[in-house]
Amino acid sequence: LYAFLLTVVLLLVLWFGGVLRASAVMDRIFSLVSAGMAISLIFSLMLFLCPIRTPSSAHVTYDNTAKRLLKFALGESMDPRLGIIDIKHFVMVRIGFIGWAMMDLNYLLTAVEMKNWSLSLLLVVVFQLIYILDFLIDE
């Protein structure tokens with residue numbers, strides 16, 4: 001939760017300070033999404049081919065009919081850890097949810113820069129931020 005709030009404050013300070021232009025980030029959205037997908041795929045393949053086995057990590061048992069794709073998607077280990085870091089939680093929360101919130105805010109700031117924001121865009125961003133905040137508080 002604190003990482004999320006700090007990231008939001010940092011983004012807004014940089015934008016209000018004129019250091020960051022939201023439209024410059026949106027110009028590179030395809031590159032950002034492609035890089036994120038590539039990193040996710042590489043990371044997933046590494047965890048699938050070389051699963052991290054720790055004593056505290058429960059392993060998923062599959063029946064013999066489980067497909068390889070299902071096994072890849074669900075993962076070998078329930079809580080793979082590197083030291084004290086739960087990898088699945090880190091990737092889903094820190095990168096996934098906080099990244100999602102940053103992209104939402106960036107879309108809104110881009111619309112404000114271009115002076116074409118609308119109430120519907122504002123409501124979508126606010127409701128998605130409420131959902132993300134609720135997840136971070138309750139998780």
Side-chain angles (χ1 to χ4, degrees):
L1 181 61
Y2 295 124
F4 170 71
L5 296 174
L6 179 67
T7 307
V8 168
V9 168
L10 184 63
L11 175 72
L12 293 176
V13 165
L14 289 174
W15 187 75
F16 280 114
V19 177
L20 175 73
R21 274 189 25 244
S23 58
V25 176
M26 287 298 110
D27 291 342
R28 294 171 180 84
I29 192 70
F30 182 74
S31 300
L32 289 169
V33 170
S34 298
M37 287 175 55
I39 290 169
S40 298
L41 181 62
I42 291 168
F43 200 59
S44 297
L45 284 171
M46 285 175 32
L47 281 174
F48 180 69
L49 297 174
C50 305
I52 298 172
R53 299 186 189 277
T54 59
S56 63
S57 177
H59 296 283
V60 181
T61 56
Y62 299 98
D63 59 1
N64 291 334
T65 61
K67 306 272 188 245
R68 295 282 255 169
L69 186 59
L70 179 65
K71 191 174 180 181
F72 174 74
L74 296 179
E76 178 75 27
S77 181
M78 290 295 283
D79 301 308
R81 294 184 175 278
L82 285 175
I84 61 169
I85 298 173
D86 182 346
I87 296 172
K88 285 184 180 179
H89 190 264
F90 177 80
V91 170
M92 182 177 76
V93 174
R94 296 286 175 128
I95 298 171
F97 276 85
I98 294 176
W100 175 16
M102 293 307 101
M103 292 312 299
D104 277 353
L105 286 173
N106 211 18
Y107 282 127
L108 183 62
L109 294 175
T110 301
V112 169
E113 285 175 3
M114 295 180 172
K115 297 180 181 17
N116 68 347
W117 69 277
S118 64
L119 181 61
S120 59
L121 175 64
L122 181 64
L123 288 174
V124 166
V125 170
V126 166
F127 289 140
Q128 287 184 0
L129 289 176
I130 289 170
Y131 175 79
I132 293 167
L133 205 65
D134 179 61
F135 173 83
L136 292 172
I137 290 169
D138 291 335
E139 186 61 27

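Linking Ile, Leu, Val, Met, Phe, Trp and Tyr whenever their side-chain heavy atoms come within less than 4.5 Å puts Y131 and L123 in one cluster. By the criterion of side-chain heavy atoms lying less than 4.5 angstrom apart, applied directly or through intervening Ile, Leu, Val, Met, Phe, Trp or Tyr residues, F16 is grouped together with L10 in one hydrophobic cluster. At a threshold of 4.5 Å between side-chain heavy atoms, the hydrophobic network of Ile, Leu, Val, Met, Phe, Trp and Tyr places V8 and V124 in two separate groups. When hydrophobic clusters are built by joining Ile, Leu, Val, Met, Phe, Trp and Tyr residues whose side-chain heavy atoms come closer than 4.5 Å, directly or via intermediates, Y107 is grouped together with V126. Under the 4.5 Å side-chain heavy-atom criterion for grouping Ile, Leu, Val, Met, Phe, Trp and Tyr, L32 is connected to L20 within one hydrophobic cluster.
In this structure, the separation between CG on L108 and CH2 on W15 is 8.0 Å, given to the nearest 0.5 Å. Interatomic distance, CG of D138 versus CG of L133, reported as 9.5 Å (0.5 Å rounding). Note that CZ of R21 is 11.0 Å distant from CG of N106, once rounded to the nearest 0.5 Å. Summarising the geometry, atom CG belonging to L1 is positioned 11.0 Å from atom CG belonging to L6; distances are rounded to the nearest 0.5 Å. Rounding to the nearest 0.5 angstrom, the gap separating the CD1 atom in I39 from the CG atom in L41 is 11.0 Å.
Take S31 and apply the side-chain hydrogen bond (donor to acceptor under 3.5 Å, both in side chains) test, not counting sequence neighbours, and it matches no residue. In this structure, the ring-ring contact (aromatic ring centres under 6.0 Å, His included) partners of F97, at least two apart in sequence or on a different chain, are W100, F135.
The shortest distance between side-chain heavy atoms of N116 and L121 does not fall below 4.5 Å. Using a 4.5 Å cut-off on side-chain heavy atoms (C-beta onward), V13 and V19 make no contact. In this structure, L129 and F4 have side chains that are in contact, with non-hydrogen atoms separated by less than 4.5 Å. At a threshold of 4.5 Å between non-hydrogen side-chain atoms, the residues I98 and I132 do not count as touching.
Counting all heavy atoms, side chain and backbone alike, T110 lies closest to S23 at OG1-N, 3.6 Å. The shortest non-hydrogen separation linking M102 to L11 is SD-CD2, 4.0 Å.
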